[in-house]
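What follows is a set of notes on a single structure, which appears directly below.
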Amino acid sequence: GIAAFFGPDSIPTDGKLQIVFFIGFLELFVMKDVTGENDFVGDFRNGLLDFGWDNFDEETKLSKRAIELNNGRAAQMGILGLMVHEKLGGELPLVGQMKALYM
């Protein structure tokens with residue numbers, strides 16, 4: 001959380017600068033459509049990676065994108081559940097003993 005940046009055991013200033021510069025590098029040089037070949041928003045393959053995507057028909061492409069979005073949403077809900085259980089404390093069958101950090 002925010003304590004990682006401003007708490008007593010926060011990330012050192014050099015580490016914060018590394019994070020900022022790395023994200024800036026990705027935004028400026030990597031994560032953009034330089035060839036104009038993108039099929040959809042967020043498609044940054046730039047003609048380099050093709051695992052058969054261009055061979056699918058439009059219906060299959062839409063289905064696969066929907067499946068990927070739903071998997072991402074499910075992962076977010078799973079992480080949210082783990083965070084809630086961590087704050088609640090107790091023992092979970094799959095995770096084991098969990099203690100609330102600030103009770």
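Please read all numbers here as calculations on a predicted model, not as lab measurements. Count residues from 1 along the sequence.
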**Message:** Would you say Leu26 ends up clustered with Phe21 if hydrophobic residues are merged whenever their side chains have heavy atoms under 4.5 Å apart, either directly or through other cluster members?
**Reply:** no
**Asked** Side-chain heavy atoms under 4.5 angstrom apart, residues restricted to Ile, Leu, Val, Met, Phe, Trp, Tyr: same cluster for Ile23 and Val20?
**Response** no
**Prompt:** Which residue pairs pass the salt bridge (charged side-chain N to carboxylate O under 4.0 Å, His left out) test when at least one of the two sits in residues 56-84, sequence neighbours left out?
**Reply:** Glu58-Lys61
**Request:** Kindly assign one of parallel, tilted or perpendicular to the pair Phe56 and Trp53, based on the angle between their ring planes and the thresholds 30° and 60°.
**Result:** perpendicular
**Distance, nearest 0.5 Å, that separates CZ of Phe5 from OG1 of Thr13** = 11.0 Å
